[in-house]
Amino acid sequence: MDIADVLKLLRTSQSGIIELAEVTTYIGYRRGADDTEREITVEILDAGPDAGENRYVVEVTEEHGDGELDDDLGDEVEQTIHAAGASLELAIAALPWDELDEA
């Protein structure tokens with residue numbers, strides 16, 4: 001069964017679901033503009049072919065800092081960017097990567 005069939009089956013059941021997407025998660029690292037290595041989590045949401053222009057949503061969460069959260073200083077920083085598109089290529093191309101370097 002492909003994603004369109006699964007999503008349709010879940011939506012047409014008596015669950016009351018009105019919005020649903022398959023989520024794929026990737027974890028990795030990127031180099032920031034300040035040349036520091038930062039951990040990222042990339043989530044790709046696929047709402048199926050019936051979702052049109054917003055079929056794919058890509059969300060990138062980046063963490064950087066010293067790895068320990070200091071209650072007074074807040075050294076650990078987390079920032080998220082996202083974009084949507086009718087294709088995965090369009091959604092990824094629309095990500096505002098430079099916003100991650102502003103934190």
Side-chain angles (χ1 to χ4, degrees):
M1 192 175 280
D2 71 4
I3 184 174
D5 293 333
V6 172
L7 294 173
K8 185 176 181 180
L9 181 63
L10 287 168
R11 285 187 193 118
T12 57
S13 70
Q14 294 182 359
S15 67
I17 295 171
I18 57 172
E19 191 171 323
L20 196 62
E22 179 178 35
V23 180
T24 304
T25 303
Y26 298 91
I27 297 174
Y29 296 89
R30 77 179 280 272
R31 190 159 309 279
D34 61 359
D35 208 34
T36 59
E37 192 174 281
R38 301 170 182 192
E39 182 177 335
I40 62 167
T41 301
V42 179
E43 290 187 329
I44 299 173
L45 289 74
D46 181 351
D50 294 337
E53 293 296 313
N54 293 314
R55 175 177 180 168
Y56 294 96
V57 175
V58 180
E59 183 174 282
V60 179
T61 302
E62 179 181 86
E63 294 182 19
H64 55 94
D66 62 9
E68 295 183 18
L69 182 60
D70 183 324
D71 290 338
D72 296 327
L73 302 176
D75 291 334
E76 190 69 28
V77 176
E78 183 176 290
Q79 189 165 0
T80 301
I81 59 172
H82 66 276
S87 71
L88 185 54
E89 293 83 2
L90 288 172
I92 290 173
L95 285 166
W97 292 101
D98 57 326
E99 289 181 17
L100 293 177
D101 294 320
E102 294 173 1

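Any value given below was found using the heavy atoms of this structure, including those in side chains, with hydrogens, waters and symmetry copies removed. Sequential numbering from 1 along the given sequence is applied to the chain's residues.
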Fill in: Residues that Asp34 engages under side chain to side chain donor-acceptor pair (under 3.5 Å), provided they are two or more places apart
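Listed in chain order: Thr36, Arg38.
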
Practice prompt. Indicate if Leu7 and Tyr56 have the same hydrophobic cluster label, given that clusters are the connected sets of ILVMFWY residues with side-chain heavy-atom separations under 4.5 angstrom.
Written response: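 Per the 4.5 Å side-chain linkage, Leu7 and Tyr56 are not co-clustered.
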
Item to complete: Not counting sequence neighbours, which residues clear side chain to side chain contact (heavy atoms under 4.5 Å, CB included) with Asp50? List them please.
Response: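 None.
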
Fill in: Listed partners of Thr12 passing side chain to side chain contact (heavy atoms under 4.5 Å, CB included), at least two apart
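With sequence neighbours excluded, Thr12 shows a side chain to side chain contact (heavy atoms under 4.5 Å, CB included) to Lys8, given in chain and number order.
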
Let me check something: any side-chain donor-acceptor pairs from residues 21-32 under 3.5 Å, sequence neighbours excluded? List them with distances.
residue : atom : partner : partner atom : Å
Arg30   : NH1  : Glu62   : OE2          : 2.8
Arg30   : NH1  : Asp101  : OD1          : 3.3
Arg31   : NH1  : Asp35   : O            : 3.2

Donor-acceptor list for residues 39-46 side chains, cut-off 3.5 Å, not counting sequence neighbours:
residue : atom : partner : partner atom : Å
Asp46   : OD1  : Gly48   : N            : 2.8
Asp46   : OD1  : Arg55   : NE           : 2.7
Asp46   : OD1  : Arg55   : NH2          : 3.4
Asp46   : OD2  : Arg55   : NH2          : 3.1

Worksheet item: What's the spacing between Arg11 CZ and Glu19 CD if we round to 0.5 Å?
Response: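 Answer for the CZ-CD pair, Arg11 versus Glu19, is 8.0 Å.
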
Worksheet item: Can you tell me how far CD of Glu63 sits from OG1 of Thr80, rounded to the nearest 0.5 angstrom?
Response: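 It is 9.0 Å, given to the nearest 0.5 Å.
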
Just list the side-chain donor-acceptor pairs under 3.5 Å for residues 84-98, sequence neighbours left out, or say none.
residue : atom : partner : partner atom : Å
Ser87   : OG   : Leu90   : N            : 3.1

